[in-house]
Amino acid sequence: MTTQPSAGRLWLVRHAQPLIAPGICYGALDMPADPAATARSAQRLAAALPQRLSVWHSPLQRCELLAHDLIGLRPDLALKPAAELVEFDFGRWEGRAWDDIARTDIDAWTADFAHYRPGGGDNLAAMLERVSNALGVARQACAQGTDVLWITHAGVARCVQWLLHAAPHALPRADQWPHSAPGYGEWVCFA
């Protein structure tokens, strides 16, 4: 009798608190995270993670810092930068105060939530497609008994929630979009 490996889990870890003022629109804007908070998150994560693990991280520095701190504590792990895990790009809105973005522009985005390109950046349909492709690869690894760790962003975590719970190929309206995501330096696991 052959035994099947138990299924692995997908770990979604959000970077630590970024070094940016409150109320600023940021997604793909590249900035570091708080170094002390990053180190604390890496310590807690290193203690919680299993041995057999594939580690992917967003190449944005707030995620890369956590990935490198984690490797310093767990040299048995190998890192894979993954552009699929980058946060939503708000285009010209990046780095601006949310209060300075025209209400008509925000209303246009919420009216066509899946297809509108805030600030000329990403649209949610394209982001969902890239996260879905990465999720397919992660699910294959999990099916073979390997846990997969993504060091990523709140937007990617919300995409995973949507993809795991919505009807196939469904696109969300603004009022359907998941509001919850791991806190800074926190994580969730999906079996």
Side-chain angles (χ1 to χ4, degrees), residues 2-18 26-89 122 124-166 168-169 178 180-191:
T2 308
T3 59
Q4 294 286 85
S6 60
R9 296 173 293 172
L10 174 61
W11 299 65
L12 293 180
V13 181
R14 186 177 180 190
H15 57 79
Q17 175 75 48
Y26 71 92
L29 187 65
D30 200 10
M31 87 283 290
D34 177 270
T38 297
R40 286 190 302 274
S41 179
Q43 289 170 345
R44 289 188 351 271
L45 189 57
L49 291 172
Q51 292 300 310
R52 190 170 170 194
L53 187 69
S54 174
V55 182
W56 301 12
H57 68 87
S58 163
L60 296 180
Q61 63 180 307
R62 56 193 185 265
C63 293
E64 194 170 57
L65 291 169
L66 179 53
H68 288 287
D69 277 9
L70 178 61
I71 288 298
L73 298 166
R74 289 282 307 270
D76 59 304
L77 302 176
L79 298 178
K80 175 187 171 196
E84 301 89 346
L85 304 185
V86 170
E87 182 61 284
F88 191 84
D89 184 348
D122 286 338
L124 185 56
M127 184 175 179
L128 281 166
E129 183 176 344
R130 76 173 151 87
V131 173
S132 178
N133 291 338
L135 186 57
V137 175
R139 283 178 158 171
Q140 288 175 351
C142 289
Q144 296 171 4
T146 300
D147 279 26
V148 176
L149 170 69
W150 286 3
I151 299 174
T152 189
H153 310 271
V156 172
R158 290 181 179 112
C159 285
V160 170
Q161 288 178 55
W162 177 261
L163 292 164
L164 293 178
H165 298 105
H169 310 292
S180 65
Y184 293 119
E186 301 294 328
W187 58 85
V188 295
C189 290
F190 296 97

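Quick note: residue numbers are just sequence positions, from 1.
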Which salt bridge (charged side-chain N to carboxylate O under 4.0 Å, His left out) pairs, counting each pair once, include a residue from [range], with sequence neighbours left out?
| range | value |
| --- | --- |
| residues 54-77 | Arg74-Asp76 |
| residues 142-156 | Arg9-Asp147 |
| residues 37-48 | Arg44-Glu186 |

For the [atom1] atom of [X] and the [atom2] atom of [Y], what is their distance to the nearest 0.5 Å?
| X | Y | atom1 | atom2 | answer |
| --- | --- | --- | --- | --- |
| Leu60 | Ile151 | CG | CD1 | 12.5 Å |
| Arg139 | Leu164 | CZ | CG | 5.0 Å |
| Glu87 | Ser58 | CD | OG | 8.5 Å |
| Arg158 | Ser180 | CZ | OG | 7.5 Å |

With a 3.5 Å cut-off and sequence neighbours excluded, list the donor-acceptor pairs that the side chains of residues 32-39 form with protein atoms.
from: Asp34; atom 1: OD1; to: Ala36; atom 2: N; distance (Å): 3.2
from: Asp34; atom 1: OD1; to: Ala37; atom 2: N; distance (Å): 2.6
from: Thr38; atom 1: OG1; to: Asp34; atom 2: O; distance (Å): 2.8

Non-neighbouring partners of [X] that pass side-chain contact (heavy atoms from CB on, under 4.5 Å), sequence neighbours left out:
| X | answer |
| --- | --- |
| Ala83 | none |
| Gln140 | none |
| Leu29 | Ile20, Tyr26, Met31, Glu94 |
| Asn133 | Glu129 |

Could you check whether any side-chain heavy atom of [X] comes within less than 4.5 Å of a side-chain heavy atom of [Y], counting everything from C-beta outward?
| X | Y | answer |
| --- | --- | --- |
| Leu73 | Leu45 | no |
| Leu70 | Leu149 | yes |
| Ser41 | Leu66 | yes |
| Pro182 | Trp11 | no |
| Val137 | Glu84 | no |
| Val55 | Leu49 | no |

**Study point:** Pairs touching residues 124-152 that satisfy ring pair (Phe, Tyr, Trp, His ring centres under 6.0 Å), sequence neighbours left out
**Key:** Trp56-Trp150
**Study point:** Closest contact, heavy atoms only, Ile71 versus Ala78
**Key:** CD1-N, 4.1 Å
**Study point:** Smallest separation among heavy atoms of Gln161 and Ala181, with atom names
**Key:** NE2-CA, 4.1 Å
Check your understanding: His57: what forms a ring pair (Phe, Tyr, Trp, His ring centres under 6.0 Å) with it, not counting sequence neighbours?
Key -> none
Point to revise | ring pair (Phe, Tyr, Trp, His ring centres under 6.0 Å) partners for Tyr184, two or more places apart | key: His15
Point to revise | Thr152/Val160 under side chain to side chain contact (heavy atoms under 4.5 Å, CB included): CA gap, chis, key distance, verdict | key: CA-CA 11 Å; Thr152 189; Val160 170; over 6 Å; no
Point to revise | Worked verdict on Met127 versus Val86 for side chain to side chain contact (heavy atoms under 4.5 Å, CB included) | key: CA-CA 9 Å; Met127 184 175 179; Val86 170; over 6 Å; no
Review point. Which residues satisfy the salt bridge (Lys or Arg N to Asp or Glu O under 4.0 Å) test with Asp122, sequence neighbours excluded?
Key: Arg130
Practice item. Determine, step by step, whether Leu124 and Cys159 satisfy the side chain to side chain contact (heavy atoms under 4.5 Å, CB included) criterion, reporting the C-alpha distance in whole Å, the side-chain angles of both residues, the deciding distance to 0.1 Å, and the verdict. Key: CA-CA 9 Å; Leu124 185 56; Cys159 285; 4.2 Å; yes
